[in-house]
There are 2 protein chains.
Amino acid sequence: MDVKVNIERMRNDLEELGRLGRDEHGGVSRPSFSPADFEARNWLRGKIERAGLCYRQDGAGNQFGRIDCPGRTVMAGSHIDTVPNGGMFDGAAGVVAALECLRRILEEKVPTARPLEVASFTDEEGNLVGDFLGSRAFMGMLDENEIRKGRTSFGLPFEDILRRTEFTADGILGAHKDRPELEAFLELHIEQGPVLEDEGLSVGIVERIAGKHYRQCSFVGQASHAGTTPFELRHDAFLGLADFALKATQHVATKHYGSMLTVGRAVLHPGSFSIIPGRADFTLEFRSSSEETLRVLEKEIFAIAEDVASTRGLGFASRVVDRTTPVVVPSRIVKIIEEECESLHTPWMKLTSGAGHDAQILAGACDVGMIFVPSPDGISHSPAERIVWEDLEKGANLLLRTLVRLAT
Amino acid sequence: MDVKVNIERMRNDLEELGRLGRDEHGGVSRPSFSPADFEARNWLRGKIERAGLCYRQDGAGNQFGRIDCPGRTVMAGSHIDTVPNGGMFDGAAGVVAALECLRRILEEKVPTARPLEVASFTDEEGNLVGDFLGSRAFMGMLDENEIRKGRTSFGLPFEDILRRTEFTADGILGAHKDRPELEAFLELHIEQGPVLEDEGLSVGIVERIAGKHYRQCSFVGQASHAGTTPFELRHDAFLGLADFALKATQHVATKHYGSMLTVGRAVLHPGSFSIIPGRADFTLEFRSSSEETLRVLEKEIFAIAEDVASTRGLGFASRVVDRTTPVVVPSRIVKIIEEECESLHTPWMKLTSGAGHDAQILAGACDVGMIFVPSPDGISHSPAERIVWEDLEKGANLLLRTLVRLAT
């Protein structure tokens, strides 16, 4: 098969799409269900329809373009929403690559024996109520209470957001009913890390996708006057957090290298120059590509927190905000992608995805595979996110050949 | 001299005043220039006038009640503003005690040879533009730029606050012109710490008032994806802050016992579950009762910060927000108060004030002295702030005798 993607058309698509939601800091701010996201959805619908694909949108706003025939569907895609002030390739590269693959299959009348679909999933970035709203809806994995009563990351009730759109809680919860039987799901994505660039490679084949735990945690002590409370009488919740963060990071870095732990947000109460913090609320996330390690990490990290709390006379509390399960990419998919790399004379490496992806959610229904292309300087979720067009071309050609293999 | 204060009248005054600005959490929220503060100012004016004292208010809103005669003034007082959701004794106890002393001197026609004044200073708590606005205005120690262009702790330009009041920047800056020649300033205050209660004493004589530095600081690293950035490539600004806070606290606690260091507020940027903090902004305050120690602390603490920054590949920046100088209470004042404790058969101890007080500012113009009464459980700046009336009575009688001594 000599069919190749048209990288000029892909570049043009990505540049068009990257102008929708362009913000004053030079980034792309296009969270799902924002006005910019609706512009982008219209843009994508137009592209799918003009390509001659059969367009549909489900109740959760997931968008699809299909080459129909009987049998189980081979799907490829990603997402077009972004974090606030994000970049123009995270997600978008995978949707445009999948769209281009299906366009080329139609244009060249490549014979296939299974239906093919490009998919763009709603709110992969989790700006609404948790990551992966769209792919979770597609899989019937949503928490009904979260959809009906949840609050978005920027504080508004989700139902207030929905009221301004064509979507409803019932529609989102009902999206699972419309999904096709799946043979496989493939996702091309920027790496969002430095490994491929360091290795001088244009593509990576993902072997595992890390799972993660998101927890909202607090150390609770006693607020008191910073000028009059001697150190030995303090119950400083912030120092508890500081102690915990250093010890837990050290523990993960030395005992579970390759796993991750991050404190990304902290709020001290009451939050004044001269008052010892009586409470420190913070986010804790930890990730691992092994389910067993995640279980062990959870136990060990909370033992560290309890130990810090009891040493410092503090309380510790935490609740789960979100969690995903690590995914092992089936070896048959890894093998097919490797073989297609060889046919294309494209050198590759296998790697683990530390970031979560819709493919991880789809893994509950079918075999999944992921192709990474390098992120220059490892930067993503930033206006400085870039892509090398030659890398994207190689990755998209690999996606195209893998799709055709799976659909034949 | 057998004149004694009327503790029932003082209690009644404090309970009346404590109802002004009472908030839904059971605390008192009466920041200067708030509607509740204006109610309290009217209340105080009424009390001063009904006592037969000569009332005046200066351009900074400081309120005074005077028993006039020729000579240098002996002044006593404190403040009636509170922190948000504070208690009903911090400041108020000192104003009511001074008022009661002057009332008793008038009522009993105690012969005095110097003018006496009760004073209530604006915004001791620093809710507007820095602590001690009123006493600093009285002393001519304000930063003109801060008064004309400053922003309040709750974000509004100070001039917007002023516009809703009878006060002006020119009036505040001009307050210094109206102040009397001072012989001495005495301030009764709750301890805001646990020492007197622990020692079972009703009064403490302050020997020193700690000075403090307020700084707004930042560690600056590199925001990146929490799932894809290996530990060895991270520049996590929060871990820099955590490391610094623990090391600096440890350093002060072990090398400069009695001095204080506190991180009271921290904001991480961008502040998301899955993004490594690229910047950690935080408040740093440190205090000492020795000017020399403050100087050494400043040097040592910033050496620790620079060391943490360079070890972790971060930047460190800080700017001074406020600073006060430690005060040594003149031995003649300490001696007079000690002698009056003896006459009253009231056991006492000498102690250092870790908290700042208007007396510290007035020390630039005259001899100052402070009398502490116990704070049950060391609690202040809280709805749980309390006082033992018998302690207040002993403290106020001591204030009364000391004032008469100084005015004779």
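Chain A is the first sequence line, chain B the second, and so forth, proteins listed ahead of strands; every chain is numbered from 1.
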**OP:** Just give me the residue among G271(B), P230(B), A253(B), G193(B) that pairs up with chain A most often, heavy atom to heavy atom, under 4.5 Å.
**Re:** G271(B)

Subject >> Atom pair CG (L351(B)) and OG1 (T228(A)), whose distance is rounded to the nearest 0.5 Å >> reply: 11.0 Å

Subject >> Minimal non-hydrogen separation, R215(B) against F273(A), with atom names >> reply: O-CE2, 3.4 Å

**OP:** Go through the atoms of A210(A) and report whether side chain, backbone, both or neither lie under 4.5 Å from a heavy atom of chain B.
**Re:** neither

Original post:
If you tally heavy-atom pairs under 4.5 Å against chain A, which of V263(B), V195(B), N85(B) wins?
Top reply: V263(B)

Subject >> Pairs of heavy atoms under 4.5 Å with chain A: top-ranked of V83(B), V267(B), V321(B) >> reply: V321(B)

Original post:
So which of S353(B), A245(B), P270(B) has the largest heavy-atom pair count under 4.5 angstrom toward chain A?
Top reply: A245(B)

Original post:
What's the spacing between D377(A) CG and Q222(B) CD if we round to 0.5 Å?
Top reply: 9.0 Å

**OP:** Name the option with the most non-hydrogen atom pairs under 4.5 Å to chain B; the candidates are A280(A), S382(A), G378(A), A355(A).
**Re:** A355(A)

Subject >> chain B contact via V252(A) - which portion, at a heavy-atom distance below 4.5 Å >> reply: both

**OP:** Measure the OG1-CG distance between T283(A) and L268(B) for me, rounded to the nearest 0.5 Å.
**Re:** 8.0 Å

**OP:** Return the minimal non-hydrogen interatomic distance between E285(A) and A226(B), and the atom names on each side.
**Re:** OE2-CB, 3.6 Å

Original post:
Is it the side chain or the backbone of L233(B) that comes within 4.5 Å of chain A heavy atoms, both, or neither?
Top reply: side chain

Subject >> Residue, of S380(B), S274(B), S375(B), that accumulates the most heavy atom pairs under 4.5 Å with chain A >> reply: S274(B)

**OP:** Indicate the atoms forming the closest heavy-atom contact of I275(B) with T262(A), along with that distance.
**Re:** O-CG2, 4.3 Å

Original post:
Can you say whether I379(A) sits under 4.5 Å from chain B via the side chain, the backbone, both, or neither, judging by heavy atoms?
Top reply: neither

**OP:** Taking the side chain as every heavy atom from C-beta outward, state whether F238(B) and L241(A) have any pair of such atoms under 4.5 Å apart.
**Re:** yes

Subject >> Portion of F286(A) that has a non-hydrogen atom of chain B nearer than 4.5 angstrom >> reply: neither

Subject >> Most chain B-contacting option - heavy-atom pairs closer than 4.5 Å, from D131(A), T249(A), D322(A) >> reply: T249(A)

Original post:
L239(A) and L246(B): which non-hydrogen atoms are nearest, and at how many Å?
Top reply: O-CD2, 3.8 Å

Subject >> Residue selection (most heavy-atom pairs with chain A, distance under 4.5 Å) from G227(B), S224(B), P194(B) >> reply: G227(B)

**OP:** Go through the atoms of S259(B) and report whether side chain, backbone, both or neither lie under 4.5 Å from a heavy atom of chain A.
**Re:** backbone

Original post:
Looking at side-chain heavy atoms only, is the closest gap between H225(A) and E191(B) below 4.5 Å?
Top reply: no

**OP:** Using a cut-off of under 4.5 Å on heavy-atom pairs, state which of H269(A), R234(A), H381(A) scores highest against chain B.
**Re:** R234(A)

